[in-house]
Amino acid sequence: MDLFSYVRENQMEKDSPLAARLRPVSLEEIVGQQHILGKDKLLYRAIKADKLSSLIFYGPPGTGKTTIAKVIAHTTSAEFKQINATIAGKKDMEEVVEQAKQTMGMYGKKTILFVDEIHRFNKAQQDYLLPFVEDGTLVLIGATTENPYFEVNGALISRSNIFELKPLSAEEVRTILTRAVYDKEKGMGAYHAEIDEDALDFLADIANGDARNALNAIELGIMTTDRSEDGKIHITLDVASECIQKRVIRYDKTGDNHYDTISAFIKSMRGSDPDAAVYYLAKMLYAGESVTFIARRIMICASEDVGNADPMALTVAVSAAQAVERVGMPESQIILSQAVTYIATAPKSNAACNAVFDAMQTVGESKNAAIPTHLQDAHYKGAAKLGHGVGYLYPHVYPNHYVEQQYLPYELSGKEFYQPSDNGYEKKIKEHMKWLKKEAAR
């Protein structure tokens, strides 16, 4: 490295964003991801022993994918190279491969190649890396925000260990923010700033598991806030909300406001008010509520309050739940809005819901009600001698594929659990069942 390159790198390190300066260089400094970095976990042991095979880190932004790769760079004896798939081309990969071959031949050292945003490589680019990963020229570490099973070459997947990183908890983000404000060596401690507890809680919560987002906000706050009379920079709740450009919403995810909001959300869908339902959806999203939690509530509402009045409601809700897991925010808000407005405007019926509750109560009161003999299994040994299955009428050989026979236990004969409403598709179900019975009685 020449003098100019040395000066440039030092200046870049000095001027780099807080999130980059604060990045850990050892496993002990990493906050969160204990499900893969706990001292008894495979990844921790592999990094400590410098015995890494190819890896793919998968998770949302700001959860530590690049951080773990940088820690590996600081701890490994192997040569470490990094490229970003958003800007790198085949020529860049060819240079890394050539250098890796020379390093292996001259010094017997492996080369670790870290590919950030690996899902941005097309199939041909991923295929190019495959033989060099396979023969050990390269140990590949890929980082992606997308599901690798969809976005990464299957051959690379089969040769790699996949580690999923989870969004950081609010407490973990809080720890990182505290370090950022008061650490004089790598953080912003030299600015003599102080952060109020409610501001710290707000930023930790609103970051939604993304440490980088929270660090960018705190850096902006410290750099743009005037000093008070005591000579210190005070990061208040108002300053914090300005820095992240988000109005403070009083929404405690474990408190009354949380339960009140989700209650109003469900009741608005049940009450066929799409405007109110979307409003409460937006309020939850704005406050950083989990999209998977919201999706679960939509699925329940689709079955409990719409039911067979519109059987497609549950299909829409389930599809939305699967889609938000695949897509993530901010696009998930569009998917959730579609599901919410569909269910809010669908015809309503809780007949299916009432049916199972009524049936559960009856089962509890008549636990020993015997299954009619003709419905019992006739295939196991000795069943025929007991008369099991004898007299069963096979519906498909009768007109309209229907025949009257006793299905409920005899002591519950005539009991009705499912009573379709006159709403939506359930009206057709009601009419169809009435017609079937009338035709069978002829």
Side-chain angles (χ1 to χ4, degrees), residues 33 35-37 41-47 49-73 75-76 78-105 109-167 210 212 319 321-329 331-332 335:
Q33 310 306 338
H35 65 290
I36 60 172
L37 289 174
K41 302 300 180 182
L42 171 65
L43 183 58
Y44 179 92
R45 300 198 310 271
I47 294 173
D50 198 8
K51 299 291 184 183
L52 288 170
S53 58
S54 291
L55 312 169
I56 293 179
F57 297 133
Y58 156 50
T63 52
K65 300 182 293 295
T66 303
T67 293
I68 298 174
K70 293 290 187 182
V71 167
I72 292 171
T75 57
T76 185
E79 190 74 13
F80 189 90
K81 298 290 183 182
Q82 177 177 350
I83 59 177
N84 191 303
T86 59
I87 57 174
K90 188 175 178 182
K91 183 180 178 182
D92 300 291
M93 290 189 286
E94 288 173 343
E95 289 177 0
V96 170
V97 168
E98 188 57 38
Q99 291 173 11
K101 289 178 178 178
Q102 292 178 10
T103 301
M104 177 63 77
K109 288 175 63 176
K110 290 185 176 181
T111 295
I112 295 174
L113 172 61
F114 174 52
V115 182
D116 204 2
E117 307 287 348
I118 192 170
H119 61 276
R120 296 294 188 95
F121 273 160
N122 60 35
K123 186 178 185 301
Q125 289 171 309
Q126 292 184 30
D127 284 343
Y128 174 78
L129 292 173
L130 183 59
F132 306 111
V133 170
E134 196 165 65
D135 68 12
T137 302
L138 295 173
V139 174
L140 175 67
I141 299 178
T144 175
T145 55
E146 305 296 326
N147 189 328
Y149 292 101
F150 289 105
E151 305 295 342
V152 178
N153 185 318
L156 284 178
I157 289 284
S158 68
R159 290 162 177 79
S160 307
N161 287 312
I162 313 293
F163 291 98
E164 182 178 2
L165 279 69
K166 307 290 185 181
D210 186 337
R212 187 186 300 112
S319 296
Q322 293 173 337
V324 297
E325 287 188 8
R326 174 84 187 273
V327 174
M329 287 293 282
E331 290 85 357
S332 284
I335 297 164

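Just so we're clear, the structure is a prediction, and the values are computed from it rather than from any experiment. Computation of the quantities below employed the complete heavy-atom set of this structure, encompassing side-chain atoms and omitting hydrogens, waters and symmetry-equivalent molecules.
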Exercise: identify the closest heavy-atom pair between [X] and [Y]:
| X | Y | result |
| --- | --- | --- |
| Ser332 | Gly328 | OG-O, 2.9 Å |
| Leu37 | Tyr44 | O-CD1, 3.4 Å |
| Ile335 | Ala323 | CD1-CB, 3.8 Å |
| Pro60 | Thr145 | C-CG2, 4.4 Å |
| Ala78 | Lys110 | CB-O, 3.3 Å |
| Glu146 | Tyr58 | O-CD1, 3.2 Å |

Any residue meeting side chain to side chain donor-acceptor pair (under 3.5 Å) with [X], in chain and number order, not counting sequence neighbours:
| X | result |
| --- | --- |
| Ser319 | none |
| Glu134 | Arg159 |
| Thr76 | Asp50 |
| Glu164 | none |

Worked verdict on Leu43 versus Phe57 for side chain to side chain contact (heavy atoms under 4.5 Å, CB included): CA-CA 11 Å; Leu43 183 58; Phe57 297 133; 3.8 Å; yes
Which distance, rounded to the nearest 0.5 Å, do you find between the [atom1] of [X] and the [atom2] of [Y]?
| X | Y | atom1 | atom2 | value |
| --- | --- | --- | --- | --- |
| Ile83 | Ile118 | CD1 | CD1 | 8.5 Å |
| Phe163 | His35 | CZ | NE2 | 9.5 Å |
| Thr63 | Asp210 | OG1 | CG | 8.0 Å |
| Lys101 | Leu138 | NZ | CG | 9.5 Å |
| Thr144 | Phe150 | OG1 | CZ | 12.0 Å |

Residues two or more places apart in sequence or in another chain: which of them pass side chain to side chain contact (heavy atoms under 4.5 Å, CB included) with [X]?
| X | result |
| --- | --- |
| Lys109 | Glu79, Thr103, Tyr107 |
| Pro131 | none |
| Ser160 | Ser54, Ile56 |
| Ala73 | Phe80 |

Arg326 meets the salt bridge (Lys or Arg N to Asp or Glu O under 4.0 Å) criterion, sequence neighbours left out, with Glu151
Candidate list Val133, Leu55, Ile112, test side-chain contact (heavy atoms from CB on, under 4.5 Å), partner Leu140, passing option: Val133
Can you tell me if [X] uses its side chain to pair, donor with acceptor, with the backbone of [Y] under 3.5 Å?
| X | Y | answer |
| --- | --- | --- |
| Lys81 | Thr111 | no |
| Gln126 | Asn153 | yes |
| Gln33 | Leu165 | no |

Summary of side-chain hydrogen bond (donor to acceptor under 3.5 Å, both in side chains) pairs that have at least one residue in residues 85-95, sequence neighbours excluded: Asn84-Thr86
Verdict with reasoning, Tyr128 to Val97, per side chain to side chain contact (heavy atoms under 4.5 Å, CB included): CA-CA 10 Å; Tyr128 174 78; Val97 168; 4.0 Å; yes
Could you give all pairs that pass the salt bridge (charged side-chain N to carboxylate O under 4.0 Å, His left out) test and reach residues 111-124, with sequence neighbours left out? Lys123-Asp127
Tyr149 meets the ring-ring contact (aromatic ring centres under 6.0 Å, His included) criterion, sequence neighbours left out, with none
